[in-house]
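Written out below as structure tokens is the structure these notes cover.
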Amino acid sequence: MSGLVLKLAPKERVLVNGAVIENGDRRSRLSIVTPDANILRLRDAISPEDANTPVRRVCYAMQLILTGDVDPQEDRMQMLRRIEELSQVFTDADSRASLAEATDAFLEDNHYRCLKALRALLPRENRLLAIRPS
């Protein structure tokens, strides 16, 4: 059996096909076997007001696709363009690998994997934005 396995902490919330589901008082593990289910851990979600940097904006846009709020086919070229714009800034090998992974995953309609690859850039972006010229 393949699919996504979610390990949930007590009281953790997850969005599944538009419905918010809250775990009980104990840790649990769920296997999602439906291949096209729209799933997002709410602890990982980026709110619209927090989408205030280039990587966060692309992650937020991917999150909207993942949750089913935006049609991936209608937003396909725009999302690929956004990822390409990030590749103009993040030129190191690790970032390039994450961006290539995000692109491949998006083209394969694996939106969860795409978001995961994009989120890998957040710590690097945070470090770059923390450096302020004097």
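Values below: every heavy atom of this structure, side chains too, minus hydrogens, waters and symmetry copies. Given the structure is predicted, the values throughout are model-derived calculations rather than measurements.
Interatomic distance, Thr53 OG1 to Arg56 CZ, rounded to the nearest 0.5 Å: 5.5 Å. Taken to the nearest 0.5 Å, the CD atom of Glu101 stands 10.5 Å off from the CD1 atom of Ile83. Here CD of Glu85 is found 11.5 Å from CG of Leu80. Values are rounded to the nearest 0.5 Å. Here the CG atom belonging to Leu8 is positioned 5.0 Å from the CG atom belonging to Asn23, to the nearest 0.5 angstrom. Here CG of Leu64 is found 11.5 Å from SG of Cys59. Values are rounded to the nearest 0.5 Å. Residue Leu107 holds its CG atom at 11.5 Å from CE of Met79, rounded to the nearest 0.5 Å.
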List the steps and the verdict of salt bridge (Lys or Arg N to Asp or Glu O under 4.0 Å) for Arg124 and Asp92.
CA-CA 10 Å; Arg124 182 164 283 119; Asp92 62 282; 3.6 Å; yes
Start with the C-alpha gap between Leu128 and Asn126, add the side-chain angles, then the distance that decides, and say whether side-chain contact (heavy atoms from CB on, under 4.5 Å) holds.
CA-CA 5 Å; Leu128 287 172; Asn126 289 340; over 6 Å; no
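Checked by atom type and distance alone, the side chain of Ser95 never pairs as donor or acceptor with a backbone atom of Thr91 at under 3.5 Å. The main-chain N or O of Arg13 is never found under 3.5 Å from a side-chain atom of Glu22 such that the two would form a donor-acceptor pair. No donor-acceptor pair under 3.5 Å is formed between the side chain of Gln63 and the backbone N or O of Leu115.
When side chains are defined from C-beta on, Val20 counts as touching Leu42, because their heavy atoms get closer than 4.5 Å. Contact annotation: the side chain of Leu40 never approaches that of Tyr112 to less than 4.5 Å [non-hydrogen atoms, C-beta and beyond]. Considering only heavy atoms from C-beta on, Arg26 stays 4.5 Å or farther from Pro10 through its side chain. Ile39 is not listed as a side-chain neighbour of Leu66, based on a closest heavy-atom distance of 4.5 Å or more. Two residues are said to be in side-chain contact when any heavy atoms from C-beta on lie closer than 4.5 Å; Leu6 and Arg29 fail this criterion. You'll find the side chain of Arg119 reaches within 4.5 Å of the side chain of Asp44, heavy atoms only. With a 4.5 Å cut-off on side-chain heavy atoms, Phe106 and Ile65 count as touching. When side chains are defined from C-beta on, Arg82 counts as touching Asp75, because their heavy atoms get closer than 4.5 Å.
Scanning all heavy atoms of the two residues, the minimum distance from Lys7 to Glu12 falls at O-OE1, 3.9 Å. The shortest non-hydrogen separation linking Ser98 to Ala117 is O-CB, 3.4 Å. In terms of heavy atoms, Val5 sits closest to Ser31 at CG2-OG, 4.1 Å. The two atoms that bring Ala102 and Cys114 nearest to each other are O-SG, 3.3 Å, heavy atoms only. When all heavy atoms of Ser47 and Tyr60 are compared, the pair lying nearest together is C-CE1, 4.1 Å.
No side-chain donor-acceptor contact under 3.5 Å links Thr67 and Asn38.
Ion pairing between Asp109 and Arg76 holds under the 4.0 Å rule for side-chain N and carboxylate O.
Residue-environment remark: CZ (Arg113) exceeds the threshold of 12 foreign heavy atoms within 6.0 Å. Within 6.0 Å of CG on Asp25 lie no more than 12 heavy atoms contributed by other residues, nucleotides or ligands.
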